[in-house]
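Below you'll find the structure, written out as structure tokens, and then a few comments.
Order of the sequence lines sets the chain letters (A, B, ...), proteins ahead of strands, with each chain counted from 1. Predicted model, so just to flag it, every value in this text is computed and none were measured.
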Amino acid sequence: MRICTWNINSVRLRLPLVLKLLDEYRPDVLCLQETKVVDDSFPTAEFRDRGYVHIQIHGMKSYNGVAIISRLPLEGGDVKHWCEKQDCRHVLATLPGGIEVHNLYVPAGGDVPDPAVNDKFAHKLRFLDEMRDWFPANRSKDKPMVLVGDLNIAPLEHDVWSHKQLLDVVSHTPVEVEKLTALQDSLSWVDAVRRFVPANQKLYTWWSYRAADWEASDRGRRLDHIWVTPPLAGSLTGYQVLREARGWEPKPSDHVPVMVDLAV
DNA sequence: ATGTCAATAAATTATTGA
């Protein structure tokens, strides 16, 4: 089973790129974030035509929005709300074999890494705390689960182009990393991609639009993640981070697809 | 390091969020 996650930054604008991904890499399950579209306007037909007939969407106007698009049957589709907001940052569904997929879009957190003066950063930290509490209270680490999405945090030193220069930059500050790690530890989640890429090797999934030449400067961050619970860890057989997709024409997302293969 | 995108509401240009 191949599971892919991609922050698409408008699914309607980049629909041709999404279809290219499906045609060339044939994931069984595609999880999108930042779809930026209400459910009624989601381009469902184009996915159905390609055999992706099982779709769980949770979108809103302009911002955020998540979707699970699958060739395999989905059951028990649901959404969760965090921080007393209905802002479309989470959708979940169950795959054959009882594998529960959680697709998440963690708040970006604004620019100033101080919750006292920046409400967006405070929201991000609260969101992480709520997830850290929710998963162990409602799920067991013995349940086969996959958590994917744009977590908007690059936790490891080599998940960013310069650990030192990004210590004060939202996405790599110690307080965010600590909270993401606490969430990971809460159900013994395994960082699937880092099972294949050693922690001392640079690995990025996002490059800013603001760079004059993203490829030459290569100032990336690993913000997009795939985690699995312990029962699935032994089934991981491969991964791909589609760096090339950062250059896909005509208009690439600033994030690239991340996928893993599971022998289930 | 403050550069670029995308969506929206309003009317070719500003705002907001990332």
Side-chain angles (χ1 to χ4, degrees), chain A residues 5-21 31-43 57-67 82-83 85-90 103-115 117-128 148-155 159-173 176-177 180 202 204-225 242-258:
Chain A
T5 180
W6 195 7
N7 179 321
I8 195 60
N9 187 11
S10 174
V11 69
R12 287 179 293 180
L13 186 73
R14 270 179 264 285
L15 185 59
L17 300 187
V18 179
L19 299 179
K20 172 188 172 80
L21 174 80
C31 295
L32 298 176
Q33 303 87 36
E34 284 205 87
T35 54
K36 297 188 176 180
V37 62
V38 296
D39 294 350
D40 286 347
S41 300
F42 196 89
I57 47 180
H58 187 208
M60 62 190 286
K61 191 165 80 170
S62 298
Y63 307 116
N64 311 332
V66 286
W82 306 88
C83 304
K85 295 174 192 288
Q86 304 212 354
D87 54 357
C88 301
R89 295 180 179 276
H90 185 191
N103 179 15
L104 282 153
Y105 178 49
V106 173
D111 291 328
V112 181
D114 180 353
V117 299
N118 175 6
D119 289 342
K120 293 177 191 170
F121 196 68
H123 178 211
K124 183 178 197 175
L125 298 183
R126 205 162 69 245
F127 193 100
L128 293 163
V148 310
D150 178 3
L151 305 186
N152 263 316
I153 296 171
D159 289 340
V160 294
W161 64 276
S162 169
H163 174 61
K164 265 191 168 174
Q165 287 178 256
L166 286 167
L167 277 172
D168 290 326
V169 175
V170 171
S171 72
H172 193 62
T173 65
E176 294 168 84
V177 171
L180 188 71
K202 295 285 185 191
Y204 315 134
T205 66
W206 173 89
W207 293 261
S208 172
Y209 282 127
R210 296 183 191 179
D213 185 337
W214 71 272
E215 198 164 20
S217 58
D218 199 21
R219 294 183 169 185
R221 307 177 199 171
R222 188 171 73 110
L223 304 179
D224 303 274
H225 299 272
L242 291 191
R243 181 185 168 101
E244 66 188 66
R246 184 60 179 78
W248 277 0
E249 297 293 338
K251 284 170 169 280
S253 171
D254 46 354
H255 296 253
V256 299
V258 177

query: Would you say a side-chain N or O of A/Lys251 is under 4.0 Å from OP1 or OP2 of B/dA6?
result: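 Indeed, a polar side-chain atom of A/Lys251 lies that close.
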
- prompt: Any side-chain N or O of A/Arg14 under 4.0 Å from OP1/OP2 of B/dA6?
  reply: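 Yes, A/Arg14 has a side-chain N/O under 4.0 Å of OP1/OP2 on B/dA6.
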
message: Would you say A/His172 and A/His163 are linked by a side-chain donor-acceptor pair, where the criterion is simply a distance under 3.5 Å?
response: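 Present: a donor and an acceptor within the cut-off.
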
Side chains of A/Glu34 and A/Asn7, donor plus acceptor under 3.5 Å: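 A donor-acceptor contact under 3.5 Å links the two side chains.
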
task: Could you check A/Ala211 against A/Thr35 and say which one's nearest nucleotide on DNA chain B is further toward the 5' end?
output: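 Here A/Ala211 is the residue nearer the 5' end.
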
query: Of A/Val11 and A/Ser208, whose closest DNA chain B nucleotide lies nearer the 5' terminus?
result: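 Taking each residue's closest nucleotide, the earlier one in sequence belongs to A/Ser208.
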
Between C1' of B/dA6 and CE of A/Met60, the distance in whole Å: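 Taking atom C1' of B/dA6 as the reference, CE of A/Met60 is at 15 Å.
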
Nearest-Å distance for atom pair CG/C1', residues A/Leu17 and B/dA6: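 These atoms are roughly 14 Å apart.
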
- prompt: Would you call A/Asp218 and A/Arg243 a salt bridge, taking side-chain N to carboxylate O under 4.0 Å as the test?
  reply: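 Judged by the 4.0 Å cut-off on N to carboxylate O distance, A/Asp218 and A/Arg243 do form a salt bridge.
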
NZ/NE/NH1/NH2 to OD/OE distance under 4.0 Å, A/Lys124 and A/Glu176: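 Salt bridge between A/Lys124 and A/Glu176, a charged N being under 4.0 Å from a carboxylate O: yes.
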
Are any protein N/O atoms closer than 3.5 Å to N/O atoms in nucleotides 11-18 of chain B? If there are, list each pair with its distance.
from	atom 1	to	atom 2	distance (Å)
B/dA18	O3'	A/Tyr105	OH	3.4
B/dA18	N6	A/Arg210	NH2	2.6
B/dA18	N1	A/Arg210	NH2	3.4

query: Looking only at atom P, what distance separates B/dT16 and B/dA10, rounded to whole Å?
result: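 B/dT16 and B/dA10 have their P atoms separated by 13 Å.
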
- prompt: Should the pair A/Trp248 and A/Trp6 be assigned to parallel (<30°), tilted (30 to 60°) or perpendicular (>60°) ring geometry?
  reply: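 Taking A/Trp6 first and then A/Trp248, their aromatic rings stand perpendicular (interplane angle over 60°).
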
message: Can you list everything that forms a salt bridge (Lys or Arg N to Asp or Glu O under 4.0 Å) with A/Arg126? Sequence neighbours excluded, please.
response: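 With neighbours one apart ignored, the set is empty.
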
